[in-house]
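Keep in mind that this is a model prediction, so the values were computed, not measured.
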Amino acid sequence: MTDNGSSTRPAARGGTKRGSGLLMGRPFGIPIYVAPSWLVIAAIITIVYEPVVERTLALGPASYLVAFAFAVLLYASVLVHELAHAVVARMFGIPVHRITLFMLGGVTEMRREAATPGREFWISIAGPLLSLVLAVLGFAALPFVAPDTVAGVLTWQLFVANLLVGVFNLLPGLPLDGGKVVRAIVWKLTRRPTAGTVVAAWGGRVLAALVMLAPLLIALRTGEAPSVFMVLLGVLLGAFMWMGAGSALRNARIRERIPKLRARTLARRAVPVSADTPLSEAHRRMAEADAGAVLVTDSSGAPVSLVDPAAEERVPEDRRPWTPVSQVSVAITAGAVLDADLNGERLLEAMRRTPAPAYLLVHEDGGVHGVLRSRDVGDAFAGT
């Protein structure tokens with residue numbers, strides 16, 4: 001099963017989204033969601049594996065229950081695998097947002113990337129190592145159960161499920177854990193995380209192509225026609241891996257831009273106006289001052305709110321002379337006041353703490369530097 005192990009939520013966006021799927025619990029305080037697509041793959045696994053169970057146990061219709069138990073064990077193995085990632089990440093002080101189980105595996109979403117290649121290595125390797133330990137335990141238990149019993153079949157399933165999860169995720173290409181291990185090693189050797197991502201992502205693309213071709217290559221070797229199920233599974237897994245590798249490359253390019261994000265250079269010059277100033281007049285003054293934002297002040301000249309660009313755009317042109325700026329402004333809260341010297345991760349972390357459409361940037365002495373719009377930060381990420 002595939003695994004996105006240490007996926008990181010977008011850094012430039014704040015807030016917490018609800019998980020997609022059914023909330024199953026919160027072990028270690030981490031929300032666990034199961035996506036509806038899991039039911040599809042569980043049904044497929046049950047149908048495909050049932051004839052194997054029936055040949056071994058001859059249970060009749062009850063064979064479907066044992067086959068379904070295999071699907072459950074497989075995803076329970078994926079869940080334990082993901083929890084290993086999450087627990088090690090927390091040991092390194094990285095907050096974990098949630099774990100989601102979906103059609104092709106699972107993903108552990110973390111609030112930020114590992115700060116060092118060593119931490120990335122241990123977070124990534126933790127999942128496969130635990131899966132292999134469970135596989136060894138399952139294998140060690142096999143001699144103690146009769147193979148032609150339900151207990152024997154379930155013990156065999158436990159061994160196979162964890163072996164599959166552990167070995168497959170050690171393959172050296174993103175988005176698999178093995179790819180993250182490769183990334184950590186290359187990062188350590190070159191001191192460049194982006195170089196590690198590029199190497200591991202291209203390794204993932206090579207693996208994706210091999211996974212898609214595997215059923216055909218096996219068929220050529222054995223002389224038997226490949227099953228439709230195996231061909232579809234290979235294409236599905238390969239396509240997922242290819243897209244994951246491509247996403248990793250795009251994210252690497254974004255992360256390269258993070259150190260270049262500077263609040264001071266992204267800020268818009270702000271023109272101060274009183275709360276009763278018509279929107280059209282505020283725009284005239286903004287154009288006259290060659291400014292890019294409107295700052296609403298009180299009678300003493302202290303900033304109290306910022307004109308919200310989205311609310312402003314909803315006002316028809318012919319109503320702007322009659323609409324005071326106070327009607328399209330957002331109050332400046334303590335969290336929306338940022339140091340003009342913030343940059344890189346520190347800037348993004350401050351924005352994550354208090355999501356807002358715009359922020360007031362101030363100097364160390366409290367003087368106003370300008371206005372930083374979230375949209376401008378997003379455009380800087382996108383390179384536009």
Min side-chain heavy-atom separation Arg98-Glu82 under 4.5 Å: no
Step-by-step side-chain contact (heavy atoms from CB on, under 4.5 Å) determination, Val145 to Val153: CA-CA 9 Å; Val145 290; Val153 169; over 6 Å; no
CE on Met212 to CG on Leu217, rounded to 0.5 Å: 12.0 Å
Leu83 and Pro27, any side-chain heavy atoms less than 4.5 Å apart: yes
Hydrophobic cluster membership, Leu171 vs Leu233, 4.5 Å side-chain cutoff: yes
Thr149 vs Leu154 side-chain heavy atoms within contact, under 4.5 Å: no
Shortest non-hydrogen separation from Ala208 to Gly238 and the atoms involved: CB-O, 3.2 Å
Flag side-chain contact, heavy atom, 4.5 Å: Val198 against Trp202: yes
Minimal non-hydrogen separation, Gly29 against Pro31, with atom names: O-CD, 3.6 Å
Heavy-atom closest contact (Pro128 atom, His81 atom, distance): N-CE1, 3.3 Å
Met24/Leu101 under side-chain contact (heavy atoms from CB on, under 4.5 Å): CA gap, chis, key distance, verdict: CA-CA 10 Å; Met24 301 300 293; Leu101 303 181; over 6 Å; no
Candidate pair Leu249 and Arg205, rule side-chain contact (heavy atoms from CB on, under 4.5 Å), full reasoning: CA-CA 11 Å; Leu249 287 172; Arg205 286 183 166 178; 3.9 Å; yes
Residues Arg352, Glu349: salt bridge by 4.0 Å N-O rule: yes
Arg119 (side chain) donor-acceptor with Glu113 (main chain) under 3.5 angstrom: no
Considering all heavy atoms, the nearest Gln157-Ala69 contact: OE1-C, 4.1 Å
Residue pair Tyr75, Ile41: steps toward the side-chain contact (heavy atoms from CB on, under 4.5 Å) verdict: CA-CA 10 Å; Tyr75 276 83; Ile41 198 67; 3.1 Å; yes
Side-chain heavy-atom pair Val325, Leu279 within 4.5 angstrom cut-off: yes
Backbone of Ala71 reached by a side-chain donor or acceptor of Tyr49 within 3.5 Å: no
Side chain to side chain, Val307 and Ser329, heavy atoms closer than 4.5 Å: yes
Joint cluster assignment, Leu306 & Leu347, ILVMFWY side-chain distance < 4.5 Å: no
Distance in Å, Leu266 CG paired with Ser374 OG, rounded so as to fall on 0.5 Å steps: 11.0 Å
Single-linkage hydrophobic cluster Leu174~Trp242, side-chain heavy atoms < 4.5 angstrom: no
Value rounded to 0.5 Å, distance of OG1 in Thr194 from CD in Glu256: 3.5 Å
4.5 Å side-chain heavy-atom contact, Arg183 and Pro193: yes
Option passing side chain to side chain donor-acceptor pair (under 3.5 Å) with Arg264 (candidates Asn343, Asp341, Asp339): Asp341
Taking every non-hydrogen atom, the tightest pair across Ala219 and Ala225: CB-C, 4.5 Å
Rounded distance [0.5 Å steps], CG in Asp148 versus OG1 in Thr56: 9.0 Å
Among Thr100, Val96, Ile30, side chain to side chain contact (heavy atoms under 4.5 Å, CB included) partner for Glu109: Thr100
Under 3.5 Å donor-acceptor, Arg90 side chain and Phe28 backbone: yes
Asp308 vs Val328 side-chain heavy atoms within contact, under 4.5 Å: no
Ser63 side chain to Gly60 backbone, donor-acceptor under 3.5 Å: yes
CZ (Phe92) with more than 12 external heavy atoms under 6.0 Å: yes
Arg192 atom CZ, over 12 foreign heavy atoms within 6.0 Å: no
Parallel, tilted or perpendicular: rings of Trp38 and Phe68 (30°, 60°): perpendicular
From CD1 (Ile218) to CE (Met230), nearest 0.5 Å: 6.5 Å
Between CD1 on residue Ile123 and OG1 on residue Thr108, distance to nearest 0.5 Å: 10.0 Å
Linked, directly or transitively: Leu232 and Phe102 (ILVMFWY side chains, under 4.5 Å): no
Ile125 with Val165, same ILVMFWY side-chain cluster at under 4.5 Å: yes
Donor-acceptor pair, side chain of Arg269 and main chain of Ala289, under 3.5 angstrom: yes
Donor-acceptor contact present, side-chain Ser77 to main-chain Leu73, <3.5 Å: yes
Trp187 to Thr116 - nearest heavy-atom pair and separation: CH2-C, 3.6 Å
